[in-house]
Amino acid sequence: MKSPYFSDLARSAALLIALGAAGALAVAAAAAPREVSVDDTQVFPESITTLTDGTVIFSSALKPFIYRSAPTSSRAERWIEVKGEGRVSSAGVLADPGTHTLWACIMQQTEAPAAGPLAGHTALRGYDLDSGRLKASYSLPDERNLCNDIAVGPDRSVYASDSFNSRIMRLAPGARALRIWLQDKRLENVNGLTFLGADLYANSTTTNHIYRIPSKPDGSAGALVDLKLSQPINAPDGMRAYRGRIYLAEPREGRVSQLIIRGDTASITVLK
């Protein structure tokens, strides 16, 4: 099944790269903008993550590679060759310096190409942040799934959005498998994830809502809180939190915005 929003995601990643070494976060940190390009054709950058030294890492929805650009370089090179069955590519990527891991959503398409680039099975994989060596791989349950974006919680649990099943998966510290953390019809096409403090924030690409999800003391999900937005958003995609604020990409609108959360309200300012 081809997702109605997938063909727009490359514009978001391209915009984030153009904004600077830390993508949308560079705006918050007032870093000098830096444009990063890659020589490969049909790369289709789907997600971006950065390190504090300015290293840029991004995935490819069409190539079996994850790319990396050195802190001061304007060029990105093939870094990790993503291996698997059938046509292999990658979606969300997130650097986790705390565990020295690059987390990545890996797509393995074994169905006919006519089914679209998102058909097939996906997994959450962890790669060494220095060498790119594969450290671990966790398949999502059920035959049809889509690991899309990733967030790391305060307790080092790893969360992944499963857009096809309106759910968020969780890999607890020391766990050997992903478990369903929250499944709710309001999370239709759930995409971007990020933590702000102890709460996880998630958006829905199709309903244009952003939710706050607290964690209970036992680590389970609390009740969804539907944020009141100061202005409409359209097909929200990647989100990152930085210094108490959330940065949101909207590829269909070609923009990146800053969100200031006060209670259950999000004040939105378009940055670019």
Side-chain angles (χ1 to χ4, degrees), residues 2-19 22-28 44-50 58-59 61 91-94 105 118 146-152 159-169 181-197 199-213 221 224-242 244-272:
K2 186 173 182 179
S3 172
Y5 60 87
F6 187 72
S7 61
D8 295 323
L9 296 186
R11 288 203 291 267
S12 172
L15 176 58
L16 290 177
I17 292 172
L19 279 175
L25 302 189
V27 177
F44 204 127
E46 204 281 341
S47 178
I48 184 172
T49 188
T50 62
F58 59 92
S59 60
V93 289
L94 181 68
C105 286
L118 292 185
L146 173 58
C147 179
N148 200 333
D149 199 16
I150 307 161
V152 176
Y159 298 78
S161 55
D162 182 355
S163 299
F164 280 173
N165 294 294
S166 304
R167 66 189 180 188
I168 298 171
M169 309 300 297
W181 187 64
L182 177 63
Q183 188 163 19
D184 192 295
K185 63 181 181 181
R186 289 172 290 178
L187 294 174
E188 180 184 2
N189 264 331
V190 59
N191 194 332
L193 301 178
T194 194
F195 269 90
L196 190 59
D199 295 333
L200 179 64
Y201 288 77
N203 64 48
S204 164
T205 297
T206 51
T207 67
N208 300 319
H209 285 251
I210 298 177
Y211 297 97
R212 181 174 67 244
I213 311 166
L224 279 172
V225 177
D226 190 355
L227 295 183
K228 181 180 179 181
L229 308 180
S230 64
Q231 65 184 56
I233 57 176
N234 183 23
D237 198 320
M239 295 195 299
R240 292 285 189 267
Y242 183 70
R245 300 178 180 183
I246 291 176
Y247 296 86
L248 170 70
E250 296 170 79
R252 289 184 186 172
E253 300 298 326
R255 69 189 178 201
V256 171
S257 299
Q258 171 188 274
L259 281 65
I260 298 177
I261 310 297
R262 295 186 179 92
D264 297 340
T265 300
S267 178
I268 300 174
T269 302
V270 176
L271 298 176
K272 183 73 171 181

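Applying the side chain to side chain donor-acceptor pair (under 3.5 Å) rule to Asp199 yields no partners; only residues at least two apart in sequence or on another chain are considered. Considering only residues two or more places apart in sequence or on other chains, Ala266 meets the side chain to side chain contact (heavy atoms under 4.5 Å, CB included) condition with Leu227, Leu229, Leu259, Ile261. For Tyr159, the side chain to side chain donor-acceptor pair (under 3.5 Å) test picks out Arg170, with sequence neighbours left out.
Judged by distance alone, the side chain of Asp162 and the main-chain N or O of Cys147 form no donor-acceptor pair under 3.5 Å. Remark: the backbone N or O of Ile260 is not paired with any side-chain donor or acceptor of Ser267 at under 3.5 angstrom. With hydrogens and angles ignored, the 3.5 Å screen pairs a side-chain donor or acceptor of Ser230 with a backbone N or O of Ile268.
A distance of 10.0 Å separates CG in Leu248 from CG in Leu271, rounded to the nearest 0.5 Å. Residue Ser163 holds its OG atom at 10.5 Å from CD of Glu188, rounded to the nearest 0.5 Å. Taken to the nearest 0.5 Å, the CZ atom of Phe195 stands 11.0 Å off from the OH atom of Tyr201. Between Asp237 atom CG and Asp149 atom CG the span is 7.5 Å, to the nearest 0.5 Å. Between the CD1 atom of Ile233 and the OG1 atom of Thr205 there is a distance of 9.0 Å, given to the nearest 0.5 Å. Taking CD of Glu250 as the reference point, atom CG of Asn234 lies at 6.5 Å (rounded to 0.5 Å).
Partner of Asn189 under the side chain to side chain contact (heavy atoms under 4.5 Å, CB included) criterion, out of Asn148, Thr206, Leu146, Asn203: Thr206 alone.
The side-chain heavy atoms of Val270 and Gln231, taken from C-beta on, include a pair separated by under 4.5 Å. A 4.5 Å side-chain heavy-atom check between Trp181 and Ile213 finds at least one atom pair inside the cut-off.
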Margin query: For a side-chain contact (heavy atoms from CB on, under 4.5 Å) check, start with the C-alpha distance between Lys228 and Asp264, then their side-chain angles and the critical distance, and finish with the verdict.
Written below: CA-CA 6 Å; Lys228 181 180 179 181; Asp264 297 340; 5.9 Å; no

